Amino acid sequence: MSVPFADLRLQYQSIKDEIDGAIAAVIRDSAFIRGPYVDAFEREFAAAASVKHCVSCANGTDALYLAMTALKVKSGDEVITAAHSWISTSAMITHAGAQVVFCDTDGETFTIDPAAVEAAITPRTVGIIPVHLYGHPADMDAIMSIARKRGLWVLEDCAQAHLARYKNQPVGTFGVAATFSFYPGKNLGAMGDAGAVVTNDAILAEHIAKLARHGGLVKHQHHIEGINSRLDGLQAAILSAKLPHLADWTKARHNAAKFYDAALDKMEQVQTPKVAPGRTHVYHLYTIRHRKRDALAKHLNLLGIETAINYPTALPLLPSYRRLEHRPEQFPNAYADQNTILSLPLFAEISREQQDEVVTAIRSFEHVV
Ligand SMILES: *Cc1c(COP(=O)(O)O)cnc(C)c1O
């Protein structure tokens, strides 16, 4: 590939000494499970996310499961989430014991439509999980106002939105809690699986920590029945080494996105990602819409440009939700998007030459169709 979708090797090379030193220190100290490196990352990430508590865990999927279990969802409860997301968001509603209720996206920003949320509320609704998809914040004023009015909790899925802001307030600080993923390709990525729940609620944080650590924080003191979902020391130290660079990497993603915007906005067939007023997009993904998406993807691929579709099928239309008997017409925006979205190569280290190559390749497609 002349332009890869992402390049984790380049990122490693740019901070190799810091990463190698962090890994060596954990091995030297045999601090593989819990210990000082995990404690330090939890403190540092809480500060970076502007929250009081960060409870680390094995991955972003577990983070959703742990948070909802601590929020005590039970059989018959309904939890509302977006029809357009990664499957963890909805699957964990089911695994935590509740019923998934899907809402369409707003047609502009790929995030949940507050009007659809309002319409989906029933007496059984207990909570809402907005997803800040691709790094674009959901409409938190509208969502929080609905939640307050109806007495619902809000759990923000921030897996793609590290450092994103809504009206200058960091995402992850609006709801009762928020979940993050540090999957290697995320804006802050480990070298393996990792995740966290953040919250300002000390009691909730302690409950989540117990759930993640066999039901207790002290060995052999099992206050509840938990699971084993831990961030390991190596990943924690790697994340601590990367965290100080996150703001610069985010700036670089933003600049790369603005470069694409300027070049692609001139092309009639290409719809560039919109940013709603007051939102700070962190461009985990740069996702365009194009009516001839599949042909464009093939064209780019032949020219050595790697793309991705995030995601090829709206959640309600996946085989895993056949039981809900949803039809595409119920989610017109998410359904239209599944057939037109294409994510272009974008990462902090992407070069101007690589971006030029992508733009030129898209322009050459515009001429053939
Ligand atoms: C990545 C992701 C998750 C899950 O995170 P993992 O660490 O891969 O388990 C959840 N929700 C969204 C929106 C994601 O992008």
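What you see is a predicted model; the values in this text were computed from it and never measured. Atoms within a ligand are numbered from 1 in the order they appear, just like the ligands themselves. Heavy-atom basis, side chains included; hydrogens, waters and symmetry copies ignored. Throughout, residue positions are numbered sequentially from 1 according to the sequence presented.
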Peer 1: Would you kindly check if the NZ (Lys) or CZ (Arg) of Arg289 is within the cone defined by 45 degrees around the ring axis of Phe110 and under 6.0 Å from the six-membered ring centre?
Peer 2: yes

Peer 1: Are any of the N/O atoms on Tyr183, whether in the backbone or the side chain, positioned under 3.5 angstrom from an N/O atom of ligand 1?
Peer 2: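 In fact, backbone or side chain, Tyr183 has no N or O that close.
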
Peer 1: Can you tell me the protein heavy atom closest to atom 9 (O) of ligand 1 and the distance?
Peer 2: Thr61 OG1, 2.5 Å

Peer 1: Should Thr199 and Lys52 be marked as a side chain to side chain contact (heavy atoms under 4.5 Å, CB included) after you check the CA-CA gap, both sets of side-chain angles, and the distance that decides it?
Peer 2: CA-CA 6 Å; Thr199 179; Lys52 291 202 188 112; over 6 Å; no

Peer 1: Counting heavy atoms only, which of His132, Gln160, Lys186 is nearest atom 2 (C) of ligand 1?
Peer 2: Lys186

Peer 1: Answer yes when Arg124 and Glu78 have at least one side-chain N-carboxylate O distance shorter than 4.0 Å, and no when they do not.
Peer 2: yes

Peer 1: Got the closest protein heavy atom to atom 13 (C) of ligand 1, with its distance?
Peer 2: Asp157 OD2, 3.5 Å

Peer 1: Do Asp39 and Arg34 meet the salt-bridge criterion of a basic N to acidic O distance under 4.0 Å?
Peer 2: yes

Peer 1: Quick one, Glu18 and Lys242 - any side-chain contact, counting heavy atoms below 4.5 Å?
Peer 2: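 The answer is no, as the side chains (C-beta and beyond) never meet within the 4.5 Å cut-off.
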
Peer 1: Is the backbone N or O of Ala116 less than 3.5 Å from a side-chain atom of Asp104, with the two atoms forming a donor-acceptor pair by type?
Peer 2: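 Here the side-chain-to-backbone pair does not exist.
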
Peer 1: What part of Thr89 sits under 4.0 Å from ligand 1 if we count only heavy atoms: the side chain, the backbone, both or neither?
Peer 2: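 Within the 4.0 Å criterion, Thr89 contacts ligand 1 through side-chain atoms alone.
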
Peer 1: Which of the atoms of ligand 1 are close to Ser85, meaning less than 4.0 Å from one of its heavy atoms?
Peer 2: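 Matching atoms, with element in brackets: 13 (C).
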
Peer 1: Mind checking whether Phe331 and Phe102 have parallel, tilted or perpendicular rings, split at 30° and 60°?
Peer 2: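 Perpendicular: the ring planes of Phe331 and Phe102 meet at over 60°.
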
Peer 1: When you measure from atom 12 (C) of ligand 1 to every protein heavy atom, which one gives the shortest distance, and what is it?
Peer 2: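 Protein heavy atom at minimum distance: Ala159 CB, 3.4 Å.
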
Peer 1: Tell me the protein heavy atom at minimum distance from atom 3 (C) of ligand 1, and give that distance in Å.
Peer 2: Trp86 CD1, 3.6 Å

Peer 1: What do we get for Asn59 next to ligand 1 when only non-hydrogen atoms under 4.0 Å count, side chain, backbone, both or neither?
Peer 2: both

Peer 1: I need the atoms of ligand 1 closer than 4.0 Å to a non-hydrogen atom of Val131, numbered in the order shown.
Peer 2: 13 (C)

Peer 1: At a 4.0 Å threshold, what atoms of ligand 1 neighbour a non-hydrogen atom of Gly60?
Peer 2: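 Contacts of ligand 1 toward Gly60, numbered from 1: 4 (C), 5 (O), 6 (P), 7 (O), 9 (O).
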
Peer 1: Taking all atoms of both residues into account, what is the closest heavy-atom pair of Pro130 and Ile128, and its distance?
Peer 2: CD-O, 3.4 Å

